[in-house]
Amino acid sequence: GFNSIGIASSGGAGRVTAEWMINGYMNEDLFSLDIKRFQKFHSSKKFIMERVTETLGDLYGMHWPYKQHTTSRNQRLLPYHEELKEVGACFGASGEYERPMWYALNNEKARYKYSFGYQNWYPSVEHETKNTITNVGLYELSPFSKYEIKGKFAHDELQRICTANIKNEAGRSTYTQMLNHAGGIETDLTVICIEKDYYFRIISSASTRTHDKAHIIKHLSSDLKFKDITDDLICLGIFGPKSRSLISKISNDDFTNEVFKFGNGKFVTIGSKKVWSQRLSYVGELGFEIYIDKKDAKEVYQLIIKEGKNHNLAHCGSHAMDTMRMESGFLHWGHDITPEENQYEAGLNFAISYKKEVNFIGKESLIKIKKTKQNKRFIMLSLVDSEPGKPLLLHEEPIYLKDEIIGKTTSGNYSFNYSKNLSFGYVKSKFSNEELMKMDLYIEIAKQKYPAKVEVAPLKDKKVKFL
């Protein structure tokens, strides 16, 4: 229930519930109140009994950035959890999984020291991100939600519920969104064709597993077979300029650019194990995602680590990945995009295909939106004076043009690769982003306004596709 905030929230909750019942979707970002934010493990009596001893205190305690729960942990461990622990992993809960957030250096204790300023894990992220762009990093991607759709009309159905033109060729991947009927962004995901027409795999965020599954099933024909395979496959990301040389040493398959192009995937053999490899990267570097049957995962992990010593491989955590996705200009559902935004506002209109002869969900609204001048738009900013943690950029910070609030931030990180405090956000302004570059912009943190400047393009270029 709403507990003590019930009276204050009742009017808004009633309005949203009525809209939801009438329209079949929410117009606002209310994921934090949506029952679909929960996964199956959340309903365990043991989980609930332990967690409630902590959550009430959290409500009235200090709301530290990056705070991790201490109760009801270790719900699902990776097959090589102990090995990650031995190399300094500090774990956080990602969906049901214990996932490395960062790796302690120099045998220091892998524990958060919470702060509203400089973070004690910054040296780790600096090492991990810099090593990724110079050598190679190993990233844990297993918590990402993974679904498979099979059936005679699988491709036709995906064309109907996705905005992009879904590639119907074995091994090809498509980045796309799924919308509600108003054009709001409901899911942000990648679709991979495993078998033409018949068999497709969908990859989306770890935290939206139930939400995305519910949206897909709601709109999917009952003639198709839908299966959540998140827990069946372990996924490791090998990213960095040395990733191709590393993986080529533990596999006899061809990973050269001529044969294995960006956005493609195929079955390969690592050691003696058959795995699915696809050339995609959420950190913006040359690299490969490796999908492994859970029973084979530990052996494949050990092969990567053993050969990785010859390539200066570093274990890398989620903080490093989140920082590098911002350097690359990649958006994150739940922060940078929600049902409140449409693809034109978010700069994701490249993922819309009006050419496909399908009346996909949200198309009619998108056509109207396209003809209308957008009231708000996505923007990338950096602070003029940048030091790690000074200030700490997170989200929901006001963006000013001189003395007027024109928007708010949605994501924040410090980039050690570019020595910049980065923010993503949305603004409402008659001035273009290029015009705003020449104006006095500020981001307000803790009642202090910090001069900011517009980054009209991601810090990292997209040459990775052609390497």
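Quantities reported herein were computed from a predicted structural model and do not represent experimental measurements. FYI, side chains are in, hydrogens and waters are out, and symmetry mates aren't considered; it's all heavy atoms of this structure.
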Between Asn120 and Tyr114, a side-chain donor and acceptor under 3.5 Å: no
Worked check of side chain to side chain contact (heavy atoms under 4.5 Å, CB included) between Gln68 and Tyr112: CA-CA 9 Å; Gln68 298 290 326; Tyr112 280 97; 3.7 Å; yes
Pi-cation contact, Tyr400 with Lys449 (under 6.0 Å, within 45°): yes
Set of residues satisfying side chain to side chain donor-acceptor pair (under 3.5 Å) with respect to His332, sequence neighbours excluded: His335
Residue Lys408 excluded, over 12 heavy atoms near NZ under 6.0 Å: no
Asn131 side chain to Asn312 side chain, donor-acceptor N/O pair below 3.5 angstrom: no
Heavy atoms of other groups near Asn107 CG, more than 12 under 6.0 Å: no
Approximate separation, where rounding is to 0.5 Å, of Phe144 CZ and Ser205 OG: 7.0 Å
Polar side-chain atom of Glu54 near backbone of Thr71 as donor-acceptor pair, under 3.5 Å: yes
Residue pair Gln343 / Gln177, side-chain donor-acceptor N/O under 3.5 Å: yes
Plane angle bin for Tyr80 and Tyr301 - parallel if under 30°, tilted between 30 and 60°, otherwise perpendicular: parallel
Side-chain touch Met380/Pro458, heavy atoms, less than 4.5 angstrom: yes
Short side-chain to backbone donor-acceptor contact, Trp333 and Ile185, under 3.5 Å: yes
Validation row: Tyr344, Ile352 side chains within 4.5 angstrom (heavy atoms): yes
Asp253 to Phe267 - nearest heavy-atom pair and separation: OD1-O, 4.4 Å
CG-CD distance between Asn433 and Glu455, expressed to the nearest 0.5 angstrom: 11.0 Å
Under 3.5 Å: donor-acceptor pair, side chain of Arg244, backbone of Phe255: yes
Donor-acceptor pair, side chain of Ser423 and main chain of Gly412, under 3.5 angstrom: no
Any side-chain donor near an acceptor of the partner, Asp232 and Tyr291, under 3.5 Å: no
Exam field: side chain Thr187 to backbone Asp212, donor-acceptor pair closer than 3.5 Å: no
Point-to-point distance, once rounded to the nearest 0.5 Å, from CD1 of Ile149 to CG of Leu158: 4.5 Å
Salt bridge flag under 4.0 Å for residues Lys40 and Glu96: no
Heavy-atom side-chain proximity of Val275 to Val268 below 4.5 angstrom: yes
Side-chain (Lys36) to main-chain (Ala214) donor-acceptor, under 3.5 angstrom: no
Distance-minimising heavy-atom pair for Tyr175 and Ala351: O-CB, 4.0 Å
Charged tip of Lys150 within 45° of Tyr199 ring normal and under 6.0 Å: yes
Main-chain N/O of Ser429 paired to Arg377 side chain as donor or acceptor, under 3.5 Å: yes
Any donor-acceptor N or O pair under 3.5 Å, side chains Thr409, Glu397: yes
4.5 Å side-chain heavy-atom contact, Thr55 and His69: yes
Pair Tyr139 and Tyr282, ring centroids less than 6.0 Å apart: no
Heavy-atom check, side chain of Ser173 versus side chain of Ile192, under 4.5 Å: yes
Shortest non-hydrogen separation from Leu141 to Lys146 and the atoms involved: O-NZ, 4.5 Å
Gln278-Asn264 side chain donor-acceptor pair, cut-off 3.5 Å: no
Ring-ring centroid check Phe416 Tyr122, cutoff 6.0 Å: yes
Side chain to side chain donor-acceptor pair (under 3.5 Å) partner of Ser415, chosen from Lys420, Lys460, Glu126, Glu327: Glu327
NZ/Lys376: more than 12 non-hydrogen atoms of other groups inside 6.0 Å: yes
Any donor-acceptor N/O pair, Ser432 side chain to Glu435 backbone, under 3.5 Å: yes
Set of side chain to side chain contact (heavy atoms under 4.5 Å, CB included) partners for Lys196, sequence neighbours left out: Asn168
Stepwise side chain to side chain contact (heavy atoms under 4.5 Å, CB included) test for Leu401 and Val427: CA-CA 10 Å; Leu401 173 57; Val427 295; over 6 Å; no
Heavy-atom side-chain proximity of Val125 to Tyr414 below 4.5 angstrom: no
Side chains of Ile445 and Leu393 in contact at under 4.5 Å (non-hydrogen atoms): yes
Lys266 NZ to Trp276 CH2 distance, which is reported to the nearest 0.5 Å: 10.0 Å
Residues Leu105, His127; criterion side chain to side chain contact (heavy atoms under 4.5 Å, CB included); working and verdict: CA-CA 9 Å; Leu105 300 173; His127 168 70; 3.9 Å; yes
Main-chain N/O of Ile247 paired with Ser251 side-chain donor or acceptor, under 3.5 Å: no
Donor-acceptor under 3.5 Å (Glu345 side chain, Gln374 main chain): no
Residue Asn74 excluded, over 12 heavy atoms near CG under 6.0 Å: yes
Separation between CG of Leu236 and OG of Ser277, rounded to the nearest 0.5 Å: 11.0 Å
Pairing of Asp228 and Arg209 as salt bridge, 4.0 angstrom limit: yes
Contact check, side chains of Met324 and Asn417, non-hydrogen atoms, under 4.5 Å: yes
Nearest-0.5 Å distance, OG1 of residue Thr323 to OH of residue Tyr418: 12.5 Å
Thr338 and Glu340: side chain donor to acceptor below 3.5 Å: no
Contact summary for Lys67 and Met62, nearest pair of heavy atoms: CD-O, 4.4 Å
For Leu392 against Phe116, the heavy-atom pair lying closest together: CB-O, 3.4 Å
Closest non-hydrogen atom pair between Ser72 and Arg51, with its separation: OG-N, 3.3 Å
Partners passing side chain to side chain donor-acceptor pair (under 3.5 Å) against Ser145 (at least two apart in sequence or in another chain): none
Any side-chain donor near an acceptor of the partner, Arg325 and Ser411, under 3.5 Å: yes
is_close_aromatic(Tyr66, Trp121), centroid dist under 6.0 Å: yes
Aromatic centroids of His211 and His215 separated by under 6.0 Å: no
